[in-house]
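Contents: one structure, followed by commentary.
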Amino acid sequence: MNYLVGIGNHFESEAVPGALPKEQNSPRKVPFDLFAEQLSGTAFTAPRSENLRSWLYRIQPSVTQGTFRPLDGATANETRATPTQLRWDPTPYPNGPVDFLRSLNLIAENTDSSFRKGCTVSTYTATAPMESYFYSADGEFLIVPQEGALLLATEMGDLEVHPEEIAVIPRGIRLQVQLPAKKARGYVCENHGAPLRLPGLGPIGANGLANPRDFLVPSAKFEEKRGSLEIIAKFQGRYWSAPIDHSPLNVVAWHGNYYPFKYDLRKFNTINTVTYDHPDPSIFTVLTSPSEVIGTANLDFVIFPPRWMVAEHTFRPPYYHRNVMSEFMGLIRGAYDAKGTGFVPGGGSLHNCMSPHGPDAETYYAAVKSDDNPQRYENTMAFMFESCTPFRVSRNAEESAQKNYLDCWKGLKADFKRP
Ligand SMILES: [Fe+2]
């Protein structure tokens with residue numbers, strides 16, 4: 001696949017040479033009788049450093065579609081808050097053919113009725129390619145495959161993503177999720193807040209963590225399919241369906257800085273202590289969606305990749321923790337260094353605001369007995385969606401959570417030795 005390289009850049013791409021207007025955004029007559037359409041990812045007046053928009057040159061403009069009607073049964077899911085720590089086994093695949101969109105299984109959300117802040121966490125278990133097209137007006141889709149590849153056919157071109165890669169589909173961009181493998185499972189965090197971007201690096205300097213050049217952007221590609229087709233919109237927490245007589249993936253050329261992208265998590269430049277103690281897990285932030293409060297994320301996407309542990313006279317697993325932020329974790333492969341058993345690839349956990357969490361008893365007692373030899377954590381790729389607002393959990397997720405999760409800490413015994 002032919003990708004454009006980088007993030008934060010203004011790109012231009014054309015599937016047919018000469019399709020992109022060279023000197024202006026909307027000339028009276030676009031080359032080859034295409035239609036010009038601007039897609040705005042931020043308010044027109046957002047500061048230049050924040051401003052996101054692309055110009056799409058398409059066979060027909062997006063207005064050429066029918067009336068939206070609510071999809072049956074697609075009302076907002078009931079959710080409720082709980083301070084109890086929750087953990088889940090992998091979401092099982094359905095028996096029959098279910099596409100990516102219809103397989104979305106709501107775990108937790110913390111958005112409000114504006115869908116302009118917070119996020120919605122789901123898993124997907126797709127066993128069939130999508131026949132419809134889809135976009136979300138409610139947020140951008142951060143897709144984290146755990147098993148099987150996805151082919152994301154978008155307005156701006158194709159992205160193929162595999163486990164240990166991620167993709168971000170910005171708000172409003174239309175796509176169809178195809179299945180190169182027979183089935184695919186993973187996680188979706190729909191970010192309703194400010195668009196995800198690379199975190200600031202502060203004293204780390206100009207390089208490190210996720211490097212901009214490792215992000216890949218699709219190049220223009222279009223299809224001319226016609227027929228009785230369907231476009232599904234997610235709007236205000238509900239799914240809506242409209243007829244359309246042509247594929248909305250009909251963009252022949254585009255330019256701008258609002259586009260989908262993918263990133264290979266194995267390229268993350270991991271930074272950690274070389275003396276003692278831990279930096280906080282924010283050192284592993286791949287992408288962040290800032291809130292209105294400085295330094296406080298609406299959403300941080302954080303990973304725990306393979307890495308060397310070299311800290312001296314230090315308890316190396318993640319420390320016991322209570323956090324004003326709320327943490328949803330998932331595991332893409334291998335094992336996570338805070339848990340011996342019970343947290344397996346495809347599973348998840350939720351530790352809401354101020355709910356205590358940390359290594360299970362087995363991991364704790366092994367770690368306090370270990371030595372200072374450098375150790376490489378090899379077979380692992382865990383991640384966290386961390387948000388400043390507590391999550392509400394879906395009824396289905398609350399019912400399907402492991403019943404014995406809290407038992408993993410029961411073996412931590414009081415052994416205080418008064419001097
Ligand atoms: Fe934590």
Side-chain angles (χ1 to χ4, degrees), residues 81-88 107-110 118-119 121 142 144 187 189 191 196 199 209 265 268 270-273 276-291 293 295-307 309 311 314-332 334-345 347-368 377 380-393 397 401-402 405-412:
T82 173
T84 300
Q85 304 93 326
L86 296 172
R87 191 165 68 180
W88 294 273
I107 304 289
E109 43 96 10
N110 62 3
C119 49
V121 177
L142 165 59
V144 183
Y187 310 81
C189 187
N191 168 33
L196 287 161
L209 308 188
L265 301 174
F268 190 75
T270 309
I271 291 171
N272 209 336
T273 184
Y276 63 93
D277 283 352
H278 285 257
D280 291 317
S282 46
I283 196 73
F284 303 129
T285 301
V286 180
L287 293 167
T288 187
S289 159
S291 75
V293 182
T296 302
N298 176 69
L299 170 66
D300 274 338
F301 175 63
V302 176
I303 61 169
F304 303 89
R307 61 200 184 279
M309 301 296 271
T314 291
F315 181 75
R316 286 178 177 170
Y319 42 69
Y320 291 105
H321 192 205
R322 291 181 299 152
N323 194 355
V324 66
M325 305 284 279
S326 294
E327 308 178 11
F328 174 88
M329 284 200 64
L331 187 60
I332 299 165
Y336 173 57
D337 48 311
K339 296 289 191 291
T341 53
F343 184 52
V344 303
S349 68
L350 177 66
H351 304 124
N352 246 331
C353 177
M354 290 302 168
S355 295
H357 53 278
D360 57 26
E362 180 188 343
T363 305
Y364 173 81
Y365 289 113
V368 292
Y377 289 179
T380 189
M381 185 64 83
F383 71 89
M384 179 160 64
F385 302 140
E386 181 166 343
S387 181
C388 64
T389 311
F391 285 103
R392 298 180 298 273
V393 180
Q402 294 174 1
Y405 177 32
L406 273 58
D407 291 353
C408 77
W409 294 301
K410 273 193 176 160
L412 298 166

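Ligands are counted one by one from 1 in listed order, and the atoms in each one are counted from 1 as well.
One of the N, O or S atoms belonging to Glu327 lies under 2.8 Å away from the Fe ion (ligand 1). Within the coordination shell of the Fe ion (ligand 1), defined by N, O or S atoms under 2.8 Å, His351 is absent.
Ring-centre distance between Phe268 and Phe284: not below the 6.0 Å cut-off. Remark: aromatic rings of Phe304 and Tyr336 are close, center separation under 6.0 Å.
When you scan the N, O or S atoms of His321 for the one nearest the Fe ion (ligand 1), you land on ND1. Shortest distance from the Fe ion (ligand 1) to His357 is reached at NE2 (N/O/S atoms only).
Under 3.5 Å, the side chains of Glu327 and Asn352 contain no donor-acceptor pair of N or O atoms.
Around the OH atom of Tyr276, the shell of radius 6.0 Å holds no more than 12 heavy atoms that belong to other residues, nucleotides or ligands.
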